[in-house]
Asker: 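If you scroll down you'll find the structure; I have some questions about it.
A note on names: the letters A, B, ... follow the listed sequences, proteins ahead of strands, and every chain is numbered from 1.
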2 protein chains.
Amino acid sequence: MSALKTVLVPPADEEVSDSALERFLGYRMKRAFNVVQADLAETLKPFDLRMTSYTALVLIMENPGLNQSQLAAVMDIERPNLVVIVDELERRDLIVRDRLETDRRTYALSVTLAGRRLCETAMKAVEGHEARLLGRLSPEMRDTVAEAMILIRAGEAR
Amino acid sequence: MSALKTVLVPPADEEVSDSALERFLGYRMKRAFNVVQADLAETLKPFDLRMTSYTALVLIMENPGLNQSQLAAVMDIERPNLVVIVDELERRDLIVRDRLETDRRTYALSVTLAGRRLCETAMKAVEGHEARLLGRLSPEMRDTVAEAMILIRAGEAR
DNA sequence: TATTGTTATACTCTATAACTATA
DNA sequence: TATAGTTATAGAGTATAACAATA
């Protein structure tokens, strides 16, 4: 039997393949989400907002009076993580926390006039960001993706 | 003019709406991705792998001899962040780093037998995870989502 | 008891600058 | 000088336990 030595030939950059991960949803989603995240961060930077604080602001504007537990639930984050977000929005006078007479444990959150103005301007910028990132996708494709995201999200508990 | 006092009525839990974020891709993707991430983490826990280390292992198995810069590029992460991942895979004897004669700066990465075995078992588990999470999506929908993720990813630099 | 908001903490992922050794 | 790998570090997101005030 002859002695064969295996020689490891490094692939050229263009030859590196990820086809074994072709059906790997997490991998594909992660890479796409990173791009979306980075572009969104740039988009929101002029408003000094991050994705989480922007989301919170929009939801408070849409649901005046909601409390932090409700907001955390809609945003799908843990309550402790919401505290710092709400703290900062309040510090910047974009929202107010009102103690309720009926239940003095909870805060009723609502936007200030400044908060509403900033939010509406930021929403326009985010529309541009969406258009930029989804430009290559057909309208049908966008709808399908949106629907799929909701279906995946809904399939959580089983 | 009569003095009207605005009373803030907190919404019931079921009434909290996020329709203002309906077309907000990042928000939808984040929520879906969180679900995928959490389920994947559970799936990979028995193998003591995380999403990043699993991805690295699969890619090294598919591209024997590639170096860390190439791997980081395919995975879309920064080189410094890859070091700890490769360190751990090497420590567990799942991969080896071979110094190349031709360029002593780079490592040629490849899986060991143990690495190949663990990877192949883990890939089967990940298939189950995919089936579980994508169960509600039609095959056409899955294809569209996969394609859309690649398109979004590709639209990065513009 | 249970719930709201809070503090403290820890782990992961991500990003950048600066270093070393090789080329 | 440029590149591969490395170290150190910092920021952001996420998750849990435990507490005070209130119901």
Asker: Can any side-chain N or O of B:Asn63 pair as donor or acceptor with the backbone N or O of B:Leu59 at less than 3.5 Å?
Answerer: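 A pair under 3.5 Å: yes.
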Asker: Does a side-chain N or O from B:Gln37 land closer than 4.0 Å to OP1 or OP2 of D:dT14, or not?
Answerer: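 For D:dT14, neither OP1 nor OP2 has a side-chain N or O of B:Gln37 closer than 4.0 Å.
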Asker: Relative to the 5' end of DNA chain D, which residue comes earlier, A:Asp103 or B:Pro80, by the nucleotide with the nearest heavy atom?
Answerer: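 Upstream on the strand: B:Pro80.
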Asker: Rounded to the nearest Å, what distance is computed from the CG atom of residue A:Leu49 to the C1' atom of nucleotide D:dG11?
Answerer: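 In whole Å, D:dG11 C1' lies 17 Å from A:Leu49 CG.
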Asker: What's the closest nucleotide to the side chain of A:Ser69 if the choices are D:dT6, C:dT4, D:dA4?
Answerer: C:dT4
Asker: When you measure from the side-chain N and O atoms of A:Arg97 to the phosphate of C:dT6, is any distance below 4.0 Å, counting only OP1 and OP2?
Answerer: yes
Asker: Where the side chain of A:Val83 is defined as all heavy atoms beyond and including C-beta, which of D:dT6, C:dT7, D:dA4 is the nearest nucleotide?
Answerer: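 In terms of side-chain proximity for A:Val83, the closest of D:dT6, C:dT7, D:dA4 is C:dT7.
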Asker: It should be established whether A:Lys30 places a side-chain nitrogen or oxygen under 4.0 Å from OP1 or OP2 of nucleotide C:dT14.
Answerer: yes
Asker: Check this one for me: any side-chain N or O of B:Thr52 less than 4.0 Å away from OP1 or OP2 of C:dC13?
Answerer: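 True: B:Thr52 side-chain N/O within range (under 4.0 Å) of C:dC13 OP1/OP2.
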Asker: If the threshold is 4.0 Å, N to carboxylate O, is there a salt bridge linking A:Asp76 and B:Lys30?
Answerer: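 Looking at A:Asp76 and B:Lys30, the cut-off is not met.
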Asker: Of all the choices, C:dA15, C:dT22, C:dC13, which nucleotide is nearest to the side chain of B:Glu78 once you look at every atom?
Answerer: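 Given the options C:dA15, C:dT22, C:dC13, the side chain of B:Glu78 is closest to C:dA15.
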Asker: Using a strict cut-off of less than 4.0 Å between a Lys/Arg side-chain nitrogen and an Asp/Glu carboxylate oxygen, indicate whether B:Arg92 and B:Glu88 qualify as a salt bridge.
Answerer: yes
Asker: I'd like to know if B:Arg105 reaches the base of D:dT3 with its side chain such that a donor and an acceptor end up less than 3.5 angstrom apart.
Answerer: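 Side chain to base: pair found, below 3.5 Å.
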Asker: Given C:dT14, D:dA4, D:dA23, identify the nucleotide with an atom nearest to the side chain of A:Arg104.
Answerer: D:dA23
Asker: Nearest nucleotide by nearest heavy atom, which residue falls closer to the 5' end of DNA chain D, A:Thr102 or A:Asn81?
Answerer: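 The residue whose closest nucleotide sits nearer the 5' end is A:Asn81.
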Asker: Can you tell me how far apart CD1 (B:Ile85) and CD (B:Gln68) are? Round to the nearest 0.5 Å.
Answerer: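 Here the interatomic distance stands at 10.0 Å.
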